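Working notes, beginning with the structure itself.
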Protein chains: 2
Amino acid sequence: MKKQPIYDACISKCATNDYIDQIKEHLPSDQLLLELANFFKVFGEHTRIRILSALYQRELCVCDLVEILGMNQSAISHQLRVLRTSKIVRYRKEGKNVYYTLDDEHVYKLLDDGLEHIKENKQ
Amino acid sequence: MKKQPIYDACISKCATNDYIDQIKEHLPSDQLLLELANFFKVFGEHTRIRILSALYQRELCVCDLVEILGMNQSAISHQLRVLRTSKIVRYRKEGKNVYYTLDDEHVYKLLDDGLEHIKENKQ
DNA sequence: TGAACATATGAATATGTGTTCATGTATATA
DNA sequence: TATATACATGAACACATATTCATATGTTCA
């Protein structure tokens with residue numbers, strides 16, 4: 001009968017090499033990596049990416065997005081809130097309407113790069 | 001007493017404009033946007049982004065990652081599986097060890113762009 | 001060939017989160 | 001000033017998913 005291996009730490013030679021410490025040192029702070037994860041997480045949801053794809057084309061108000069996505073107004077407002085909080089979209093008020101746009105060039109670039117990666121992996 | 005407004009469709013002038021249909025037409029397919037969301041979702045998790053940050057520096061085996069992240073081996077293997085399935089990392093086997101690397105330049109670029117965006121928004 | 005090691009994986013659990021429903025707030029207009 | 005419209009939001013619920021535990025698979029080596 002096999003004994004249970006214990007994984008407190010890897011004891012192979014690869015893990016005892018010096019480069020482990022160097023990698024740890026050069027790693028961005030956990031705080032920064034958490035922010036980065038939270039940033040990407042916002043793009044990682046179907047409804048939000050649909051909203052962003054629409055806003056990629058032009059500024060739109062909430063009722064436009066309701067019409068374009070064919071979804072509940074509340075659902076869209078909730079997701080817009082997430083996008084606002086993450087500073088991925090901007091908004092401006094005009095009368096009863098609120099108009100949204102993508103925040104900056106980084107957002108366009110990320111969407112471009114993501115799509116490019118997807119398309120390349122299809123082949 | 002107020003009546004309940006009904007949001008079957010926006011009836012303001014903005015939603016009845018022609019550009020709504022044009023935007024719908026130019027939107028990538030829902031299938032593609034779902035794939036894009038799933039792609040970004042993989043980056044949107046703390047443990048996975050930590051793994052990717054480590055692999056950004058060099059090829060590493062699983063036990064290296066266990067050591068670097070200070071986490072359960074099982075947790076890391078589960079996340080590596082997600083990264084593999086999404087074709088964000090590659091792997092090669094060498095004896096008992098399995099070595100992982102980032103899949104391609106897109107992955108490096110996305111991590112760069114994400115970090116750049118975060119840092120800019122800090123100021 | 002058996003023991004130790006490196007990694008993977010299924011099940012269970014806990015936690016996170018997207019949508020809906022109900023309702024609140026602000027603006028325009030009759 | 002009352003009503004309709006545009007949008008936001010809190011609560012509840014359903015569903016997704018990250019981690020842990022236990023264990024399986026595959027490799028090396030004595």
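So that the names make sense, note that chain A is the first sequence line, chain B the second, and so on, each numbered from 1. What you see below is based on every heavy atom in this structure, not just the backbone, and it leaves out hydrogens, waters and symmetry mates. Small disclaimer: the values here were computed from a predicted structure and weren't measured.
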Exercise. Respond yes when some side-chain nitrogen or oxygen of B:Tyr100 is under 4.0 Å from OP1 or OP2 of C:dA6, and no when none is.
Key: no
Practice problem: State whether a side-chain donor-acceptor pair under 3.5 Å links B:Asp103 with B:Tyr108. | Solution: no
Self-check item: Contact under 4.0 Å: A:Gln79 side-chain N or O vs C:dT19 OP1/OP2
Solution: yes
Exercise. Mind calculating the distance between CG (A:Leu69) and P (C:dG18) to the nearest angstrom?
Key: 15 Å
Quiz item: Between the base of C:dA6 and the side chain of B:Gln73, is there a donor-acceptor distance below 3.5 Å?
Solution: no
Quiz item: Is the backbone N or O of B:Val98 less than 3.5 Å from a side-chain atom of B:Arg92, with the two atoms forming a donor-acceptor pair by type?
Solution: no
Exercise. Establish, for the pair B:Arg48 and B:Phe43, whether the NZ or CZ atom is under 6.0 angstrom from the six-membered ring centre and no further than 45 degrees off its axis.
Key: no
Self-check item: Nearest-0.5 Å distance that lies between atom NE2 in B:His106 and atom CG in A:Leu115
Solution: 10.5 Å
Quiz item: Who are the salt bridge (Lys or Arg N to Asp or Glu O under 4.0 Å) partners of A:Arg58, not counting sequence neighbours?
Solution: none
Practice problem: Write down the distance between CG (A:Leu60) and C1' (D:dA6), rounded to a whole number of angstrom. | Solution: 15 Å
Quiz item: Can you check the B:Lys96 NZ to C:dA6 P distance for me, whole Å?
Solution: 5 Å
Quiz prompt | Upstream residue (5' side of DNA chain C) when A:Gly95 and A:Ala75 are each assigned their closest nucleotide | solution = A:Ala75
Self-check item: 5' precedence on DNA chain C between A:Glu94 and A:Asn38 (nearest-nucleotide basis)
Solution: A:Asn38
Quiz item: Under 4.0 Å between a side-chain N/O of A:Arg84 and OP1 or OP2 of D:dT9, yes or no?
Solution: yes
Practice problem: Measure the distance from CG on A:Asn72 to P on C:dA22 and round it to the nearest whole Å. | Solution: 11 Å
Quiz prompt | Pair A:Arg84-A:Tyr100, side-chain donor/acceptor within less than 3.5 Å | solution = yes
Quiz prompt | Inter-axis angle, terminal five-pair segments of the helix from C:dT1-D:dA30 to C:dA30-D:dT1 [nearest 10°] | solution = 20°
Quiz prompt | Interatomic distance, B:Leu52 atom CG to A:Phe40 atom CZ [nearest 0.5 angstrom] | solution = 9.0 Å
Quiz prompt | Separation between CG of B:Leu80 and CD1 of B:Ile51, rounded to the nearest 0.5 Å | solution = 4.5 Å
Practice problem: Would you tell me if any nitrogen or oxygen in the side chain of B:Asn97 comes within less than 4.0 Å of OP1 or OP2 on C:dT7? | Solution: yes
Quiz prompt | Whole angstrom value for the distance that separates P of C:dC21 from CD1 of A:Ile76 | solution = 15 Å
Quiz item: According to the 5.5 Å centroid and 30° plane-angle thresholds, does A:His78 stack upon the nucleobase of C:dT19?
Solution: no
Practice problem: May I ask you to verify whether the side chain of A:Ser77 and the base of D:dC7 hold a donor-acceptor pair under 3.5 Å? | Solution: no
Practice problem: Could you tell me whether a side-chain N or O of A:Asp64 sits under 3.5 Å from a main-chain N or O of A:Cys61, the two making a donor and an acceptor? | Solution: yes
Practice problem: Mind running a 4.0 Å heavy-atom check of residues 39-54 of chain A against DNA chain C and sending the residues that fall below it, in number order? | Solution: A:Lys41, A:Glu45, A:Thr47, A:Arg48
Quiz item: For A:Glu67 and D:dA6, what is the distance between atoms CD and C1' respectively, to the nearest whole Å?
Solution: 14 Å
Quiz prompt | Whole-Å gap separating C1' (D:dT27) and NZ (B:Lys93) | solution = 10 Å
Practice problem: Specify the separation, in whole Å, of atom CZ of A:Arg92 and atom C1' of D:dA6. | Solution: 15 Å
Quiz item: Between the side chain of B:His26 and the main-chain N/O of B:Gln22, is any donor-acceptor distance below 3.5 Å?
Solution: yes
